[in-house]
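Read the structure below first, then the notes.
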Amino acid sequence: MRKGAKAAIIGSVFAVMVGGAGYGAFNVVSALDGSESGSAGGPAPVKSGPPSGAEVKETSAKFFAAWAKGDAAEAATYTNYASQAEGLLAGYRTDAHLTGVRITPGTPSGATVPFSVKATVSFEGKSKPLAYDSELTVVRGETTGKALVDWKPSVVHPELEEGDTLVTGESASPPIEAVDRNNVVLTKEKYPSLGPILDALREKYGDKAGGTAGVELAIHHATEGAGDTTLVTLAKGEPGKLRTTLSASAQGAAEKAVARYAESSVVAVKPSTGEVLAVANHRADGFNAAFLGKLAPGSTMKIISAATLIDNGITTANGPATCPDSAVSESQTFHNLANMTPQLNATLSDSFSRSCNTAFVKYADTVKVDSLTNEAEQRFGLGRNNWKTGIESFDGSVPASGGPDTAANLIGQGQVQMCPLNMASVTATAMTGVFRQPVIVSPSLDNREIATAKGLPPSTVAQLRTMMNRTAVSGTAAQVMAGLTGRIGAKTGSAEVDAQSRSNSWFTGYRNDIAAAAMTQQGGHGVDAAGPIVAAVLRTGG
């Protein structure tokens, strides 16, 4: 929350330019007094169907006009959620301190009306211009039949989400100059997907980095840990220098790689230290899915499952793990990917490198219900809700769920949830045998206590590295990892998700002292999208 700024929600007094773009005249008197009637002596019939072009123009123009004169209550009546709209519209001038606002409507596209806004933000004798574009959509009221603005906070500003506030005042946290491990300055202009992460770092460490607060117009996000998004700086504060663990070269590669695939995220860590080298997301909503996503990781989970089988003395890398066409557990039948040839004398290494589901499912009745959970928590440091990376993050979840979920969890479906941060850490632990909780800011800055786990026995590490190397050299990841030199290993994965036409693509791998994991929603198999992202990051070497 801004100092000296109420937590009221956005509103404004606008001076509207309604003209051009086909906005013709309409009967303002009848529109404002609600005098719409049908035949003499009877109420107007309730309309149905999509609003007409004339209704779209008229409703949006009336909404703009009411908004212009600062009448939030009236403007709200032209929306389909009047109570929410009125609260948000009421504070635009009083809390955001925006005046001299002009709205220019664009040409409607169906029921959607684009518009541009120009305004001046003024506070304590300082003023600066603000300009942005937004849009609204007109819909038919469900009960009244009236044409109404479909209310969303983004109507007021495109970056606003439910519960967000727009305020001008002294910043809640002093600005920071974030730098990478080699003192290279990191900005959201050069590394766009770092924007939300830099905001979160500023919110948490701004007052610890030695800077002084400035005055700015900003979006205060309702989401915990999201930080503020600065829109206009009226008076610059003095930034404090904040050193991160990131690598500018790895971050640049990550940004470029995720840009090729929608809804994608990647994280790279340094296995020898746990330091996060890169974190990038390509998402329309700005959500840091790389650290906070909660999705089934598919066959990348087989790293933990293989370790569970080995550590519980069930089989070994060179021990049996037969790969039939199908396998049944708790009356549920599981299958492999299409066109996978059965291998009835397969070893665990064979089935791991081919990503055979049935090999792991056949051991579901042998492992205990909590075996996978214990392995994940005690050896890989997952699922305890105690990671302190420096910003908000998810620790993974591997519940001890019985029934068919025991088998499903072993192949990364069922109730298992992960994010790329978790899987990058899993790969780092498998590679070194030591769980080092990922961090993006050194714990020494705020004396926070990071999570620990006992890690893996040397023999298990040796077997996992052999299987992951085989996967990278001649298994399902070979095409993606081709050309990478040094110590390499990988695991592919795909996960079916309800209501998606394509599975999520997962991939995790390592090269020397860098481990990375990526996920793309609706990306297909691991080699289709996530694999190229990881390979691109691994090529930088950190």
Taking C-beta and beyond as the side chain, do Arg181 and Thr244 meet within less than 4.5 Å on heavy atoms?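 Side chain of Arg181 against side chain of Thr244, heavy atoms only: no contact under 4.5 Å found.
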Kindly indicate whether the side chain of Thr389, heavy atoms from C-beta on, has any atom under 4.5 Å from the side chain of Gln437.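 Sidechains of Gln437 and Thr389: in contact.
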Contact summary for [X] and [Y], nearest pair of heavy atoms:
{"X": "Pro50", "Y": "Arg140", "value": "O-NH2, 3.3 Å"}
{"X": "Asp228", "Y": "Asp199", "value": "O-CG, 3.1 Å"}
{"X": "Ala96", "Y": "Val121", "value": "O-CG2, 3.6 Å"}
{"X": "Thr245", "Y": "Leu277", "value": "O-CD2, 3.9 Å"}
{"X": "Ala451", "Y": "Trp387", "value": "CB-CD1, 3.9 Å"}

Could you walk me through whether Asp528 and Ser505 pass side-chain hydrogen bond (donor to acceptor under 3.5 Å, both in side chains), step by step? CA-CA 7 Å; Asp528 295 335; Ser505 170; over 6 Å; no
Do Thr476 and Thr492 get their side chains close enough for a donor-acceptor pair, meaning under 3.5 Å?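 Per modelled atom types, Thr476 and Thr492 side chains form a pair under 3.5 Å.
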Is the closest side-chain donor-acceptor distance between Asn504 and Gln521 under 3.5 Å?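 Distance-only check fails for Asn504 and Gln521.
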Show me the donor-acceptor pairs, under 3.5 Å and distance only, between side chains in residues 421-430 and residues at least two apart or in other chains.
unit_1	atom_1	unit_2	atom_2	d
Asn422	OD1	Gly396	N	3.3
Asn422	OD1	Cys419	N	2.9
Asn422	ND2	Phe394	O	2.8
Thr427	OG1	Met423	O	3.2
Thr427	OG1	Thr508	OG1	2.5
Thr429	OG1	Ser425	O	3.0

Any chance CZ of Arg448 has more than 12 other-residue heavy atoms, nucleotides or ligands included, within less than 6.0 Å?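 Above 12, so yes.
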Ring centres under 6.0 Å, that's the criterion: do His157 and Tyr132 meet it?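 Here the rings of Tyr132 and His157 have centres that are less than 6.0 Å from each other.
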Salt-bridge criterion met for Arg202 and Glu216 (N-O under 4.0 Å):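 Result for this pair is yes, salt bridge flagged.
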Any salt bridge between Lys241 and Glu177, counting N to O under 4.0 Å?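 Salt bridge absent between Lys241 and Glu177.
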Tell me whether [X] contacts the main-chain N or O of [Y] through its side chain, where contact means a donor paired with an acceptor under 3.5 Å.
{"X": "Asn512", "Y": "Arg487", "value": "yes"}
{"X": "His282", "Y": "Val258", "value": "yes"}
{"X": "Arg102", "Y": "Ala119", "value": "no"}
{"X": "Asp180", "Y": "Ser247", "value": "no"}

Show me the donor-acceptor pairs, under 3.5 Å and distance only, between side chains in residues 297-308 and residues at least two apart or in other chains.
unit_1	atom_1	unit_2	atom_2	d
Ser299	OG	Lys302	NZ	2.9
Ser299	OG	Ser355	OG	3.2
Thr300	OG1	Pro297	O	2.7
Lys302	NZ	Ser355	O	3.2
Lys302	NZ	Ser355	OG	3.2
Lys302	NZ	Asn357	OD1	2.8
Ser305	OG	Met301	O	3.4
Ser305	OG	Leu410	O	2.7
Thr308	OG1	Ile304	O	2.9

Can you classify the ring geometry of Trp67 versus Phe115 as parallel (below 30°), tilted (30 to 60°) or perpendicular (above 60°)?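 Rings of Trp67 and Phe115: perpendicular, over 60°.
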Checking side-chain contact (heavy atoms from CB on, under 4.5 Å) for the pair Asn281/Phe287: CA distance, chi angles, key distance, verdict? CA-CA 8 Å; Asn281 298 281; Phe287 177 60; over 6 Å; no
Evaluate Glu275 against Lys270 for salt bridge (charged side-chain N to carboxylate O under 4.0 Å, His left out), listing each step before the verdict. CA-CA 5 Å; Glu275 295 170 311; Lys270 190 175 179 68; 5.8 Å; no
Which residues pass the side chain to side chain donor-acceptor pair (under 3.5 Å) test with Thr187, not counting sequence neighbours?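 Counting only residues at least two positions away or on another chain, Thr187 forms no side chain to side chain donor-acceptor pair (under 3.5 Å).
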